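Have a look at the structure below, then the notes.
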Amino acid sequence: MAKNLLIVESPAKAKTINKYLGKDFQVLASYGHVRDLKPKEGAVDTEHGFAMAYEIIERNEKHVDAIAKAAKLADDIYLATDLDREGEAISWHISEILKERGLTKGKQLHRVVFSEITPKAIKAAVAAPRQLSHDLVDAQQARRALDYLVGFNLSPVLWRKVQRGLSAGRVQSPALRMIVEREEEIEAFKAREYWTIEAQLKHAEGDFAARLSRLNGKKFEQFDLTSEADAHAARDALKQAARGRLTVSEVSSKERKRRPAAPFTTSTLQQEAARKLGFTTSRTMKVAQGLYEGVALGSEGNVGLITYMRTDSTMLGEDAVAELRQLIARDFGGHALPDAPQVYKTKSKNAQEAHEAIRPTSAMHTPKSVAAFLNDDQRKLYELIWKRTVACQMIHATLNTVTVEFAVRDVAGGDAAFRSSGTTVVDPGFLAVYEEGRDQKNAEDDDEGRRLPRLAVDEQVPLHDIVADQHFTEPPPRYSEASLVKALEEYGIGRPSTYASIIQVLQNREYVFLDSRRFKPTDVGRAVSKFLTQHFSRYVDYDFTARLEDELDAVSRGEEAWVPLMQRFWQPFKQQVEEKTESVDRSEATGARELGSDPKTGKPVSVRLGRFGPYAAIGTKDDADKPTFASLRPGQSMHTITLAEALELFKLPRQLGSAPNGEEVSVAIGRFGPFVKQGGTYASLKPEDDPYTIELPRALQIVQEKLEMLANRLILDFGNGVQVLNGRYGAYITDGEKNARIPKEQEPKELTEAQCLELLAAAPARKPGRFGKKGATKKAAAKKAAPAKKTAVKKAASKKVAAKKTPAKKTAAKKTATKKAAAKRPATSKTGA
């Protein structure tokens with residue numbers, strides 16, 4: 001039996017580490033967090049020092065039990081969870097659970113941290129353990145308590161004022177505000193027309209172009225020409241003055257150096273993977289986690305390929321730099337090495353959460369040498385990390401920019417000039433390995449790679465043409481994943497390890513969606529953001545959120561206590577929640593807009609947000625007749641829809657005529673989109689069908705396809721609710737409440753009723769869907785349980801009567817309940833849990 005127990009977070013990491021420590025160690029995984037706040041109101045006791053009531057996460061109970069069993073037999077326990085706040089908190093939770101179960105008496109409890117999973121790093125960490133950092137634990141608990149209090153108190157306000165089922169988050173809400181404000185900027189943007197003039201020149205070494213840089217004796221600016229007439233007049237005057245050629249008036253050459261980008265932090269890795277690989281932030285972190293925990297490299301076994309991927313440090317260790325310089329000299333030559341290692345200053349004020357930047361654990365594991373052992377995503381991300389790390393220790397790139405100016409004299413209004421630039425690489429330096437991506441190109445990017453012919457002052461260059469081009473200013477671009485992460489970091493909202501979850505939560509809640517890899521807010525997202533910005537402005541304020549993050553960082557450094565921080569936040573927040581719950585009108589909160597009047601009835605036409613999304617209404621609830629409603633179509637927004645577009649919505653439902661069997665056929669839009677109805681049969685329209693223009697023959701075809709699909713759907717029916725059906729992903733078994741997969745080797749038509757019942761019994765319960773399946777299941781269950789419930793109620797009533805007669809028994813029961821509650825209550829500690 002192993003003398004020592006070492007606990008990590010993931011089984012993959014456990015597998016990699018296990019081979020490094022030998023038979024004296026047993027390595028087990030916690031599978032992430034082991035405890036969390038009880039999912040009910042009051043889990044953070046704001047009246048008693050923000051004491052937090054935890055419970056073991058149900059899915060991880062078996063892993064906790066396995067750790068407890070091993071801890072009982074071990075001499076020493078090593079807590080080796082990740083080296084950030086989350087990891088420190090997991091170690092603390094494990095230690096608290098073991099203490100509560102009396103499994104730490106007479107044992108040493110060690111905290112060990114490492115930023116890479118290599119034999120050297122693991123053995124060094126185990127040889128030099130430390131105590132748990134209560135400062136880091138306090139910071140994580142404060143963060144968790146803040147998020148809990150915001151969610152549990154602000155979300156119900158959103159339910160009452162905006163829409164049921166919504167939620168607000170402490171850091172997600174400012175991020176949503178950024179996306180919404182950018183959308184409002186785009187909608188408010190007024191495009192401006194402007195014209196540019198370009199000379200197209202011929203040369204034996206290659207044709208090239210030159211932009212107008214001076215006009216009428218002064219520098220030519222973007223908005224100097226704002227109309228077609230002025231642009232064409234200037235072009236014609238320039239053509240006439242040039243007389244078929246331009247004369248070189250000046251040639252200048254400037255050499256500049258470009259330094260390599262710093263090695264990756266979590267934020268810059270997410271940005272660059274989004275730009276270059278098209279990865280989402282969550283995909284990047286998932287792949288990086290796998291590379292960090294270990295990949296099987298043939299005879300080498302499991303090897304951790306990169307250092308810890310949650311970091312805001314750009315520092316590299318001495319050993320890593322020495323190895324990088326050795327590799328650069330070997331593969332790129334001594335001239336590619338700077339005289340001294342490149343040092344990068346970390347921008348973050350709190351970059352103590354990890355020791356190094358994200359880098360390969362060994363630069364000698366080149367992308368080519370490990371490619372065969374990696375999947376496609378791992379290969380791409382590892383190559384990106386390896387190249388960036390190698391490049392950061394290489395010599396700067398030397399670029400030479402040549403600028404040529406062509407003077408045009410005797411132009412009406414004064415002299416003019418054209419300018420052309422080209423940049424060539426004198427010494428590629430680090431560019432031989434890697435070049436950082438950019439979200440938007442600038443003028444320098446256009447010049448790079450363009451090579452001008454050799455030209456001399458007074459040389460005359462034949463002119464092919466002078467052209468005037470029309471342009472319009474463009475609104476600011478919507479945020480991509482890369483630019484949103486960059487903005488979050490610049491504003492100080494969240495921390496690198498939270499960016500992926502912030503973005504994921506916004507998408508999961510359907511507050512935003514990606515359109516051509518750019519974030520657009522939904523109407524629900526805009527309503528939430530508008531409500532929070534107007535009525536809880538302090539809590540979605542960028543500066544306030546950033547200051548709060550700084551205070552949490554101060555807690556993690558031991559510079560500030562966490563309970564006073566919580567008190568400063570909680571009192572004004574609670575007061576504002578109570579005030580706004582009473583004072584805010586729901587129609588104001590949902591962002592309702594009046595568009596105008598209906599020409600037929602004269603009633604007001606408005607758009608607002610309802611339970612199932614945005615809709616238009618003709619009339620109000622105060623009218624004698626009920627108002628009429630119509631859902632907005634996909635792609636329409638209540639913030640941009642016009643009166644004419646809203647009135648079009650009321651042309652549905654449309655009566656198309658009758659089917660051959662006499663049933664009425666109509667088309668309308670429902671909760672799940674446009675559909676055709678024939679009698680009692682409903683069939684969704686295809687994406688190419690428009691409910692406003694579809695005709696009867698096409699509608700009948702869609703219904704017929706639906707009927708044929710339904711006819712072919714049933715494979716077996718046992719008459720007791722159990723059926724074998726054809727589904728979207730193949731045949732399956734259902735009893736209406738649960739679905740079961742059919743084994744691959746089993747022919748669906750040959751299944752027996754007994755086999756189906758057995759497979760249904762083993763199948764997991766159906767997950768609740770978006771639109772109330774959970775409620776339907778609960779109703780069905782409640783119906784089944786009704787008789788039993790009645791009996792239980794009767795029994796409970798009898799017990800109450802009996803209890804009234806025996807006060808002594810009641811007192812004893814009360815004491816027992818108090819004892820049980822005390823036993824369940826988590827032990828208090830420095831962190832207040």
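Just so it is clear, the structure is predicted and the values come from calculations on it, not from any experiment. Numbering of residues begins at 1 and proceeds along the displayed sequence.
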(message) For a salt bridge (charged side-chain N to carboxylate O under 4.0 Å, His left out) check, start with the C-alpha distance between D377 and K380, then their side-chain angles and the critical distance, and finish with the verdict.
(response) CA-CA 5 Å; D377 279 3; K380 288 176 181 175; 5.1 Å; no
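- With rounding to the nearest 0.5 angstrom, the CG atom of L399 is 12.0 Å from the NZ atom of K254.
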(request) Just do the side-chain contact (heavy atoms from CB on, under 4.5 Å) check on T401 and R256 with the steps written out, would you? (result) CA-CA 8 Å; T401 300; R256 59 189 174 90; 3.6 Å; yes
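- Looking at K19, its side chain does come within 3.5 Å of a backbone N or O of N302 through a donor-acceptor pair.
- The two atoms that bring G290 and V295 nearest to each other are O-CG2, 3.9 Å, heavy atoms only.
- Salt-bridge formation is not detected for the pair D523/R526: no Lys NZ or Arg NE/NH1/NH2 atom is positioned less than 4.0 Å from an Asp or Glu carboxylate oxygen.
- Minimum heavy-atom separation, I328 to M394: CD1-CG, 3.6 Å.
- In this structure, the side chain of T16 engages the main chain of E293 through a donor-acceptor pair within 3.5 Å.
- Side chain of T314 to main chain of P263: no donor-acceptor pair is present (N/O by atom type, distance under 3.5 Å, no hydrogens or angles).
- Contact check on D319 versus K120 returns a salt bridge, with a Lys/Arg side-chain nitrogen under 4.0 Å from an Asp/Glu carboxylate oxygen.
- Under the 3.5 Å distance criterion, the side-chain polar atoms of Y344 are matched with a main-chain donor or acceptor of C392.
- Although no hydrogens or angles enter the test, the distance criterion places a donor-acceptor pair under 3.5 Å between the side chain of T81 and the main chain of G87.
- Atom-to-atom distance recorded for L269:CG and L384:CG is 6.5 Å, nearest 0.5 angstrom.
- The shortest non-hydrogen separation linking W92 to R35 is CZ3-NH2, 3.8 Å.
- A salt bridge does not link E551 to R547: none of the charged nitrogens lies less than 4.0 Å from a carboxylate oxygen.
- Between D135 and R557 no salt bridge is recorded (no basic side-chain N to carboxylate O distance below 4.0 Å).
- In summary, the side chains of Q504 and S282 do present a donor paired with an acceptor at a separation below 3.5 Å, with no hydrogens or angles considered.
- Between Y491 and Y542, the two ring planes are tilted [angle within 30° to 60°].
- We find that E436 and R388 are joined by a salt bridge, their nearest charged nitrogen and carboxylate oxygen being less than 4.0 Å apart.
- Classification of R143 and E549 as a salt-bridged pair holds, one side-chain N sitting under 4.0 Å from a carboxylate O.
- A donor-acceptor pair under 3.5 Å links the side-chain atoms of T389 to the main chain of I385, judged by distance alone.
- A salt bridge links D36 to R144: one of the charged nitrogens lies within less than 4.0 Å of a carboxylate oxygen.
- Look at E88 and R111 and you find a salt bridge, because one of the NZ, NE, NH1 or NH2 atoms lies within 4.0 Å of a carboxylate O, short of that distance.
- Inter-residue side-chain proximity for P341 and R325 is flagged as met; some heavy-atom pair is nearer than 4.5 Å.
- Counting heavy atoms from C-beta on, the side chains of M364 and R330 come closer than 4.5 Å.
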(message) For V505 and Y511: C-alpha separation, side-chain torsions, deciding distance, then whether side-chain contact (heavy atoms from CB on, under 4.5 Å) applies.
(response) CA-CA 9 Å; V505 166; Y511 290 169; over 6 Å; no
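- Checked against the 6.0 Å centroid criterion, the rings of Y308 and F114 do not qualify as a close aromatic pair.
- A donor-acceptor pair shorter than 3.5 Å cannot be found between the side chains of N400 and T423.
- Looking at R258 and E435, a side-chain N of the basic residue comes within less than 4.0 Å of a carboxylate O on the acidic one, giving a salt bridge.
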(request) Give the intermediate values and the outcome of side-chain contact (heavy atoms from CB on, under 4.5 Å) for residues M309 and T266. (result) CA-CA 6 Å; M309 63 287 157; T266 303; 5.7 Å; no
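- Residues T498 and S501 have side chains that never bring a donor and an acceptor to within less than 3.5 angstrom of each other.
- S173 places no side-chain N or O within donor-acceptor distance of the main-chain N or O of A168, the cut-off being under 3.5 Å.
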(message) Run Q342 and R259 through side-chain hydrogen bond (donor to acceptor under 3.5 Å, both in side chains) and show every step you take.
(response) CA-CA 9 Å; Q342 304 270 24; R259 281 194 74 194; 3.0 Å; yes
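- Between E185 and R182 there is a salt bridge, since at least one side-chain N of the basic residue sits less than 4.0 Å from a carboxylate O of the acidic one.
- Between Y20 and G304, the shortest heavy-atom contact is OH-N, 4.4 Å.
- Looking at L5 and Y78, their side chains never come closer than 4.5 Å, going by heavy atoms from C-beta outward.
- In this structure, L176 and E181 have side chains that are not in contact, with every pair of non-hydrogen atoms separated by 4.5 Å or more.
- Residues that satisfy the side chain to side chain contact (heavy atoms under 4.5 Å, CB included) test with T545, not counting sequence neighbours, are V171, P174, I493.
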(request) I would like to know whether T281 and T284 meet side-chain hydrogen bond (donor to acceptor under 3.5 Å, both in side chains); could you show each step before the answer? (result) CA-CA 5 Å; T281 49; T284 298; over 6 Å; no
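- Taking 4.0 Å as the cut-off between side-chain N and carboxylate O, D427 and K257 do not count as a salt-bridged pair.
- V112 has its side chain out of reach of L79: every pair of non-hydrogen atoms, C-beta onward, lies at least 4.5 Å apart.
- Looking at heavy atoms from C-beta onward, I358 lies in side-chain contact with I306 at the 4.5 angstrom threshold.
- Between V402 and L452, the closest heavy-atom pair is O-CD1, 3.7 Å.
- A donor-acceptor distance shorter than 3.5 angstrom exists from the side chain of N60 to the backbone of H33, with no hydrogens or angles considered.
- Between L337 and I395 there is no side-chain heavy-atom pair separated by less than 4.5 Å.
- Looking only at side-chain heavy atoms (C-beta outward), H365 and L305 come within less than 4.5 Å of each other.
- A salt bridge is defined here as a Lys NZ or Arg NE, NH1 or NH2 lying under 4.0 Å from an Asp or Glu carboxylate O, and R478 with D515 fails to meet this definition.
- Taking the charged nitrogens against the carboxylate oxygens, R495 and E489 have no contact shorter than 4.0 Å, which rules out a salt bridge.
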(message) Is there a side-chain contact (heavy atoms from CB on, under 4.5 Å) between L146 and L548? Walk through the geometry before answering.
(response) CA-CA 10 Å; L146 284 167; L548 195 54; 4.1 Å; yes
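- Within the cation-pi definition used here (under 6.0 Å to the ring centroid, within 45° of the axis), K276 qualifies as a partner of Y434.
- Looking at every heavy atom in both residues, L431 comes nearest to A397 through CD1-CB, 3.6 Å.
- The backbone N or O of E356 sits less than 3.5 Å from a side-chain atom of T311, completing a donor-acceptor pair.
- Here the CE atom belonging to M315 is positioned 8.0 Å from the OG atom belonging to S115, to the nearest 0.5 angstrom.
- Between F519 and F513, the distance from one ring center to the other does not fall under 6.0 angstrom.
- A cation-pi arrangement is found for R283 relative to F279, the charged atom lying closer than 6.0 Å to the ring centre and inside a 45° cone about the ring normal.
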(request) With salt bridge (charged side-chain N to carboxylate O under 4.0 Å, His left out) as the test, would you mind laying out the steps for E9 and K13 before giving the verdict? (result) CA-CA 7 Å; E9 288 181 37; K13 194 191 294 185; 5.2 Å; no
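- Taking a cutoff of 4.0 Å between a charged side-chain nitrogen and a carboxylate oxygen, R419 and E198 do not qualify as a salt bridge.
- No donor-acceptor distance shorter than 3.5 angstrom exists from the side chain of R85 to the backbone of Q140, with no hydrogens or angles considered.
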